[in-house]
Amino acid sequence: MEETTTGPSMAKAYDPKATEERIYESWLEGGYFTPEIDRSRKPFVIMMPPPNVTGQLHMGHALTAALEDLMTRWHRMLGDPTLFLPGTDHAGIATQVVVERMLAADNMTRQDLGREAFTKTVWEWVDRYGSRIYEQLKRLGASCDWTRQGFTLDEGPSEAVRTTFVNLYKKGLIYRGERIVNWCPRCVTALSDLEVKHREEDAGLYHIRYRIEGGDGELIIATTRPETLLADTAVAINPDDDRYAAFAGKNAILPLLGRVIPVVTDEAVDPEFGTGALKVTPGHDPADFEIGERHNLPIINILNPDGTMNENAAHYEGVDRLEVRTKIVEELDREGLLVKIEPYRHSVGHCDRCDQIVEPIVSKQWYMSMEGLAKPAIEAVESGRIKVVPERFTKVYYNWMYNIRDWCISRQLWWGHRIPAWYCQDCDAVVVDLDDPTSCDQCGSSNLERDPDVLDTWFSSALWPHSTLGWPNQTEDLDYFYPGSVLETGHDILFFWVARMIMTGIENVGDIPFETIYLHGMVLDPTGIKMSKVKGNVLDPLELVDIYGADALRFALTTGNSPGNDMRLNESKMEASRNFANKIWNASRFVMANIERSEGSANWSWPPTPEHLEDRWIVARLQTTVSNVDRYMKEYQFGEAQREVHDFLWGEYCDWYLEMSKIRMRAGDDSPLPILAYVLEQTLRLLHPFMPFITEDIWGKLIKTLPAGYDAPSALIVASYPVADTSLADPQAESDIGAVIEMVRAIRNLRAEFRIEANRNVEAIVDAPDIEKVIESESAAIVALAQVDPLIMASGSSSSGAGSGDSVSLVLSRGTVTVPLEGVVDVDREKARLTEELEQIDSGAQRLSARLSKADFLSKAPPEVIEKERTRLSGLEDRRIRVAETLSRLGG
RNA sequence: GGGGGGUUAGCUCAGUUGGUUAGAGCGCCUGUCUUACACACAGGAGGUCAGAGGUUCGAGUCCUCUAUCCCCCACCA
């Protein structure tokens with residue numbers, strides 16, 4: 001029997017676990033995630049940044065998914081054909097490192113397995129874990145088109161990679177060159193500049209003696225990497241440095257090895273730094289490499305790929321370079337060649353993936369020439385064809401793009417897209433083609449060997465917006481869905497990914513890949529530190545989903561979210577979000593239980609016409625909310641849009657309208673019910689992009705209770721998003737109910753202040769001539785909500801009650817309410833309170849009248865502002881009179 | 001060395017064409033298990049919007065400087 005009052009299938013608290021999976025299944029069954037190509041409509045397209053194929057969902061993914069799904073669902077409800085395309089990245093180094101680690105547990109290396117067996121092992125790994133991240137995205141409610149999911153190593157994207165490589169090679173924009181690169185000795189591969197993270201570290205600045213050949217003097221050089229002296233091929237000084245001018249053109253003798261090396265002069269040497277003399281190591285320092293080129297210096301490489309010294313390092317062969325540093329310093333010291341070691345803090349490059357210190361080495365790698373590609377990509381943003389949200393990141397983008405350097409795209413890995421270049425073993429030809437060549441196109445030899453390297457994993461990511469749609473083939477998808485709408489991602493991969501997509505998109509397809517770039521901030525832990533596995537401060541999104549529900553996690557991630565701004569996530573935000581979900585649940589339970597209790601909805605007209613003042617009020621408030629949400633959504637201010645819905649639902653619908661409706665229904669008037677249902681129905685639509693599961697679940701229950709003529713989809717996900725109806729705006733109702741609310745609050749305030757027992761009603765005398773009718777028509781609400789009994793209108797009574805000292809009056813913006821409280825009012829205290837209020841009114845009025853008497857203000861401020869201020873002032877003056885009257889009645 | 005961002009209530013943060021007395025959540029204080037919800041309800045305290053100048057009739061919001069924290073980029077050994 002209790003069930004009839006609480007709804008048959010609704011528990012007292014919302015249970016996400018019992019709901020989410022079932023709802024997601026229903027969406028999949030409905031096929032709502034797959035758009036229908038409709039040439040008459042512009043589609044809304046988001047490509048999800050592909051997570052690592054063997055990865056696990058972390059908070060960054062959760063934020064990405066929440067924001068992207070929010071936009072996707074909103075556009076779907078706006079009626080746009082909507083594509084949210086999911087996919088995964090083979091993540092070259094990252095994945096290879098994981099599998100290598102697994103092998104290491106069995107004391108195996110990838111070399112033990114060999115290339116073929118190793119890649120097979122990685123593929124097994126991918127087969128095993130490749131769908132895990134998809135399952136996790138589904139748990140968050142991401143409404144991705146799973147029929148179009150992609151993987152960077154799939155046939156299509158691979159064809160795109162090869163086509164791009166071949167095209168750019170033939171245009172001369174991809175080339176092979178021997179130059180200095182960042183080398184990770186742990187990953188045993190070259191890295192791009194972006195994959196090197198610089199970090200300040202305390203180290204030493206070693207001052208070493210280099211004797212001049214012929215015994216006439218010495219040069220003392222300062223270095224942070226003394227071990228590289230083994231590869232020195234010169235010493236350099238600034239041409240204008242008088243101190244060392246005598247040494248220019250002479251030879252120095254390399255310490256320990258005794259090699260004779262020239263002393264060269266070069267502008268790059270800063271006389272202010274260290275001693276002003278520089279050891280030149282073209283093989284292991286980028287700046288030195290350039291000096292070497294200018295002076296034709298030989299290049300010596302002293303490192304093996306794994307970071308140990310090679311045969312060029314004499315007696316240090318086989319020893320790791322960091323160990324050599326210690327040893328060589330000892331040796332120099334023994335030989336009297338070490339002058340001193342200064343403590344020195346400088347930035348050291350580390351591998352982005354494994355954090356090992358990277359070493360610059362000279363090696364032959366493949367490069368992509370960037371300047372020409374960057375130009376149209378810069379133009380696309382400058383012209384506004386691509387919009388960046390927030391706008392400030394355009395500056396960061398330009399800075400990088402204008403100073404862009406060629407991109408090292410080859411990696412000495414096995415996991416990835418193998419470079420489609422063959423080297424003829426009988427001549428020096430390089431064959432690059434779409435199809436695997438069988439013979440050399442120069443000499444005809446069939447003795448070809450393929451380049452062993454693979455491409456940087458970001459090469460395939462860069463093609464993502466078009467490779468997933470079928471490019472290089474002219475597919476219907478490519479034609480319809482390209483360019484995409486929004487590229488949403490973290491600002492940390494603006495260069496790695498976003499900039500490169502723009503460049504390759506324009507190059508390959510001839511058009512920008514997306515119209516808007518939305519960059520979100522980082523998710524920080526409760527103390528403001530970026531979450532990272534290494535630091536162990538990660539909150540696991542899936543664990544939070546288990547505890548609070550997916551809706552609560554998504555809602556928490558978009559609470560107060562502002563584009564580009566980092567945000568901290570903590571449990572209290574999760575709780576607040578869960579509580580909000582529960583609030584909706586219970587309000588819905590109330591509405592549905594009452595529909596069931598009454599005769600049902602068969603006789604309702606739909607949508608209902610609000611007639612009662614309260615109904616007109618909540619419907620008008622709904623319109624305001626709808627139009628605010630619409631504005632915020634269009635401006636990508638999702639945090640604000642969400643707050644708008646939250647505040648309306650909790651602060652107006654639940655706190656006031658629902659409470660007011662109870663009073664009418666208790667009196668046997670069920671006319672609020674259609675309005676309750678209607679506003680709830682609209683609010684569920686508004687809220688759906690932010691909390692998809694619970695809104696869909698309630699929707700399914702609610703629409704069953706609506707009248708037969710009700711016409712809307714059975715699934716909220718494809719219902720239309722509310723549009724503000726200006727004919728329902730009602731400033732009068734907003735103002736009138738606003739006055740009623742103010743009055744109820746005033747009386748509650750007095751009750752609390754004077755500790756009136758909960759069950760004791762008070763008498764209230766209302767003096768508000770201009771809204772007397774409103775108060776009378778709302779008397780039932782005031783009586784019930786403020787526990788007033790009786791409610792006396794001052795004009796209709798002798799106002800005798802208001803004359804006694806044992807009463808307290810509150811002056812409101814549109815009237816006065818007086819509550820006689822015999823025996824509880826401290827007259828002196830009350831007088832003090834009123835006096836204080838009078839002072840506040842006076843100071844406010846003074847400020848206002850000062851402003852209003854200024855000629856400048858009157859002549860320069862817009863008329864509506866002046867009018868507003870005038871109204872305010874007259875309001876204050878009214879109040880002042882009423883407060884003063886009350887005070888004088890108390891004998892003050 | 002360059003660039004960007006932050007500094008608003010005890011805490012975490014909103015506040016986007018400059019315009020009433022600057023908001024929310026959490027926390028705190030006082031009441032209440034009032035038949036939707038104690039994951040709740042009612043009431044309350046709490047802010048010279050980092051500091052100093054400036055522009056303006058009017059500044060949390062625009063400009064300059066200062067302090068402080070964070071992030072990014074950069075081949076100075």
Side-chain angles (χ1 to χ4, degrees), chain A residues 2 5-7 10 12-14 180 193 198 205 221-225 228 236 268-270 272-275 277-281 285-290 346-347 360 390-393 395-396 399-400 403 491-492 494-495 521-522 526 528 530 548 559-562 564-570 572-573 575-594 635 637 639-640 643 646-647 651 654-655 658-659 662 745 748-753 755 757-759 785 787 840 844 847-848 851 854-862 864-866 868-869 871-872 875:
Chain A
E2 249 147 284
T5 54
T6 55
M10 296 183 79
K12 223 173 162 182
Y14 172 61
I180 199 141
D193 296 333
H198 294 273
L205 188 60
I221 62 88
T223 180
T224 53
R225 291 184 300 153
T228 61
V269 181
D270 176 6
E272 306 291 313
F273 186 89
T275 59
L278 172 72
K279 63 191 267 315
V280 183
T281 321
D285 185 279
D288 293 5
F289 181 78
E290 285 174 19
H346 68 140
S347 104
E391 202 256 331
R392 64 172 187 270
F393 282 102
K395 218 167 177 172
V396 183
N399 181 53
W400 192 71
N403 298 297
H491 62 66
D492 54 335
L494 180 60
F495 309 139
M522 302 295 106
K530 189 174 169 178
Y548 299 99
T559 297
N561 189 297
S562 200
N565 288 5
D566 294 349
M567 60 159 340
R568 299 188 198 190
L569 184 67
N570 53 48
S572 91
K573 234 177 209 170
E575 278 174 20
S577 302
R578 175 205 56 191
N579 294 354
F580 180 60
N582 195 50
K583 188 76 180 174
I584 308 156
W585 181 258
N586 278 295
S588 307
R589 220 156 55 92
F590 172 83
V591 172
M592 288 185 261
N594 275 288
E635 290 170 355
Q637 295 189 63
E640 286 294 288
R643 187 189 48 74
H646 172 276
D647 290 357
C654 290
D655 286 352
L658 201 143
E659 292 302 323
K662 283 180 186 172
R745 283 202 167 123
R748 281 173 173 173
N749 185 325
L750 294 181
R751 296 182 59 94
E753 192 179 340
R755 313 268 148 143
E757 304 86 35
N759 53 5
L785 294 176
Q787 283 189 270
Q840 274 174 10
R847 223 177 25 243
L848 273 176
R851 193 177 300 169
K854 259 160 88 172
D856 272 343
F857 178 71
L858 295 173
S859 63
K860 288 173 183 165
E864 64 270 21
V865 172
I866 297 171
K868 247 189 205 167
E869 301 285 62
T871 316
R872 250 181 86 207

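A note on names: the letters A, B, ... follow the listed sequences, proteins ahead of strands, and every chain is numbered from 1.
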Enquirer: Looking at every strand, decide which applies to A/Lys395 at a 4.0 Å heavy-atom threshold: base, sugar-phosphate, or nothing.
Expert: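 Touches sugar-phosphate only.
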Enquirer: Of all heavy-atom pairs between A/Arg225 and A/Thr223, which one has the smallest distance, and what is that distance?
Expert: N-OG1, 3.0 Å
Enquirer: NA contact type, A/Ala222, heavy-atom cut-off 4.0 Å: base, sugar-phosphate, or nothing?
Expert: base
Enquirer: Does A/Arg872 have any side-chain hydrogen bond (donor to acceptor under 3.5 Å, both in side chains) partners at least two apart in sequence or in another chain, and if so, which?
Expert: A/Glu869
Enquirer: OP1 or OP2 of B/C71 versus the side-chain N and O atoms of A/Asn565: is any pair under 4.0 Å?
Expert: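 Checking A/Asn565 against B/C71: no side-chain N or O falls below 4.0 Å of OP1 or OP2.
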Enquirer: Between P on B/A77 and CD1 on A/Ile221, what's the gap in Å once rounded to a whole number?
Expert: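 From A/Ile221 CD1 to B/A77 P: 13 Å.
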Enquirer: Reckon A/Pro390 touches a base, only the sugar-phosphate, or nothing at all at heavy-atom distances under 4.0 Å?
Expert: nothing
Enquirer: At 4.0 Å (heavy atoms only), tell me whether A/Asn749 reaches a base, stays on the sugar-phosphate, or touches nothing.
Expert: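 Counting heavy atoms under 4.0 Å across all strands, the contact made by A/Asn749 is with sugar-phosphate only.
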Enquirer: Tell me what A/Glu753 touches on the nucleic acid: a base, only sugar-phosphate, or nothing, going by heavy atoms under 4.0 Å.
Expert: nothing
Enquirer: Wobble G-U and Watson-Crick pairs count when both distances are under 3.5 Å; given that, what is the 5' to 3' dot-bracket string of RNA chain B, with | for pairing to other strands?
Expert: (((((((..((((.....[...)))).(((((.......))))).....(((((..]....))))))))))))....
Enquirer: Distance check: side-chain N/O of A/Arg872 vs OP1/OP2 of B/U21, anything under 4.0 Å?
Expert: yes
Enquirer: Under 4.0 Å: is that the gap between some side-chain N or O of A/Lys573 and OP1 or OP2 of B/U12?
Expert: no
Enquirer: What class does the angle between the rings of A/Trp585 and A/Tyr14 fall in, given that below 30° is parallel, 30 to 60° is tilted and above 60° is perpendicular?
Expert: tilted
Enquirer: Under 4.0 Å between any heavy atoms, over every strand shown, what does A/Gln787 touch: base, sugar-phosphate, or nothing? Just pick one.
Expert: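 Nothing, no nucleic acid heavy atom in range.
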Enquirer: Nearest to the A/Gln637 side chain among B/G19, B/G15, B/C39, which nucleotide is it?
Expert: B/G15
Enquirer: Under 4.0 Å, heavy atoms only, any strand: does A/Arg225 hit a base, just the sugar-phosphate, or nothing?
Expert: nothing
Enquirer: If you check the A/Arg748 side chain, which of B/A77, B/G25, B/A42 turns out closest?
Expert: B/A42
Enquirer: Would you mind reading off the distance between A/Phe857 atom CZ and B/G19 atom P, rounded to a whole angstrom?
Expert: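 After rounding, the reported distance stands at 13 Å.
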Enquirer: Atom NZ of A/Lys860 and atom P of B/U55: how far apart are they, to the nearest Å?
Expert: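 Rounding to the nearest Å, NZ of A/Lys860 and P of B/U55 are 13 Å apart.
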Enquirer: Measure from the side-chain heavy atoms of A/Glu659 and tell me the nearest of B/C39, B/C37, B/G4.
Expert: B/C37
Enquirer: What's A/Ala287 touching, base or sugar-phosphate or nothing? Going by heavy atoms closer than 4.0 Å.
Expert: base
Enquirer: Would you say B/C37 has OP1 or OP2 under 4.0 Å from some side-chain N or O of A/Lys12?
Expert: yes
Enquirer: Would you say B/A40 has OP1 or OP2 under 4.0 Å from some side-chain N or O of A/Asn579?
Expert: yes
Enquirer: For the pair A/Asp288 and A/Lys279, find out whether any cationic side-chain nitrogen is under 4.0 Å from an anionic carboxylate oxygen.
Expert: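 Between A/Lys279 and A/Asp288 there is no salt bridge, as every charged N stays at least 4.0 Å from the carboxylate O atoms.
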Enquirer: OP1 or OP2 of B/G15 sitting under 4.0 Å from any side-chain N/O of A/Ser562?
Expert: yes
Enquirer: Any base atoms under 4.0 Å from A/Gly560, or only sugar-phosphate, or nothing? Heavy atoms, all strands.
Expert: sugar-phosphate
Enquirer: How close or far is atom C1' of B/U12 from atom CZ of A/Arg643, stated in whole angstroms?
Expert: 16 Å
Enquirer: Would you say A/Arg847 reaches B/U21's phosphate, i.e. side-chain N/O to OP1/OP2 under 4.0 Å?
Expert: yes
Enquirer: Quick one: the side chain of A/Glu272 and the base of B/A77, do they pair up donor-acceptor inside 3.5 Å?
Expert: no
Enquirer: Could you tell me whether A/Phe495 contacts a base, only the sugar-phosphate backbone, or nothing, with contacts defined as non-hydrogen atoms closer than 4.0 Å?
Expert: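 Answer is sugar-phosphate: A/Phe495 comes under 4.0 Å of backbone atoms only.
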Enquirer: Should the pair A/Lys662 and A/Phe590 be classed as cation-pi, given the thresholds of under 6.0 Å to the six-membered ring centre and 45° from the axis?
Expert: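 Checked: cation-pi criterion met.
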Enquirer: What about A/Lys583: does its side chain form a donor-acceptor pair under 3.5 Å with the base of B/A40?
Expert: no
Enquirer: Can you tell me which nucleotide in B/A36, B/U16, B/C75 comes closest to the side chain of A/Pro286?
Expert: B/C75
Enquirer: If you measure from CZ on A/Phe580 to NE2 on A/His646, what distance do you get to the nearest 0.5 Å?
Expert: 5.0 Å
Enquirer: Taking atom CG of A/Asn582 and atom CZ of A/Arg589, what is their separation to the nearest 0.5 Å?
Expert: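 Reported value, rounded in 0.5 Å steps: 8.5 Å.
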Enquirer: Provide, to the nearest angstrom, the distance between the CG atom belonging to A/Asp655 and the C1' atom belonging to B/A36.
Expert: 12 Å
Enquirer: Identify the heavy atoms of A/His491 and A/Met522 that sit nearest to each other, and give their distance.
Expert: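 Between these two residues, the closest heavy atoms are N-CE, 3.9 Å.
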Enquirer: Less than 4.0 angstrom between a side-chain N/O of A/Lys279 and OP1 or OP2 of B/A77, yes or no?
Expert: no
Enquirer: Classify A/Val396 by what it touches in the nucleic acid, base, sugar-phosphate, or nothing, heavy-atom distance under 4.0 Å.
Expert: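 It contacts nothing in the nucleic acid.
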Enquirer: Taking all non-hydrogen atoms of both residues, which atom of A/Lys12 and which atom of A/Asn586 are closest, and how far apart?
Expert: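 Residues A/Lys12 and A/Asn586, closest heavy atoms: O-OD1, 3.1 Å.
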Enquirer: Which atoms of nucleotides 28-33 of chain B (N or O only) lie under 3.5 Å from a protein N or O atom, and what are those distances?
Expert:
unit_1	atom_1	unit_2	atom_2	d
B/U30	O2'	A/Arg755	NH1	3.3

Enquirer: Just to confirm, is there a sub-4.0 Å distance from OP1 or OP2 of B/C13 to any side-chain nitrogen or oxygen of A/Arg568?
Expert: yes
Enquirer: Measure from CZ on A/Phe580 to P on B/A40 and round the result to the nearest Å.
Expert: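 It works out to 12 Å between those atoms.
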Enquirer: Which atom pair, heavy atoms only, marks the closest approach of A/Gly274 to A/Ala222?
Expert: CA-CB, 4.2 Å
Enquirer: Would you say B/G43 has OP1 or OP2 under 4.0 Å from some side-chain N or O of A/Arg745?
Expert: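 Checking B/G43 against A/Arg745, a side-chain N or O does come within under 4.0 Å of OP1 or OP2.
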Enquirer: If you look at every strand shown and take non-hydrogen atoms under 4.0 Å, does A/Leu658 touch a base, only sugar-phosphate, or nothing?
Expert: base
Enquirer: Provide, to the nearest angstrom, the distance between the CH2 atom belonging to A/Trp585 and the P atom belonging to B/A40.
Expert: 16 Å
Enquirer: Return the value, rounded to whole Å, for the distance between atom CE of A/Met522 and atom P of B/U12.
Expert: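 Rounded to whole Å, this separation is 20 Å.
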Enquirer: What nucleic acid atoms does A/Val591 come within less than 4.0 Å of, heavy atoms only: base, sugar-phosphate, or nothing?
Expert: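 Touches nothing.
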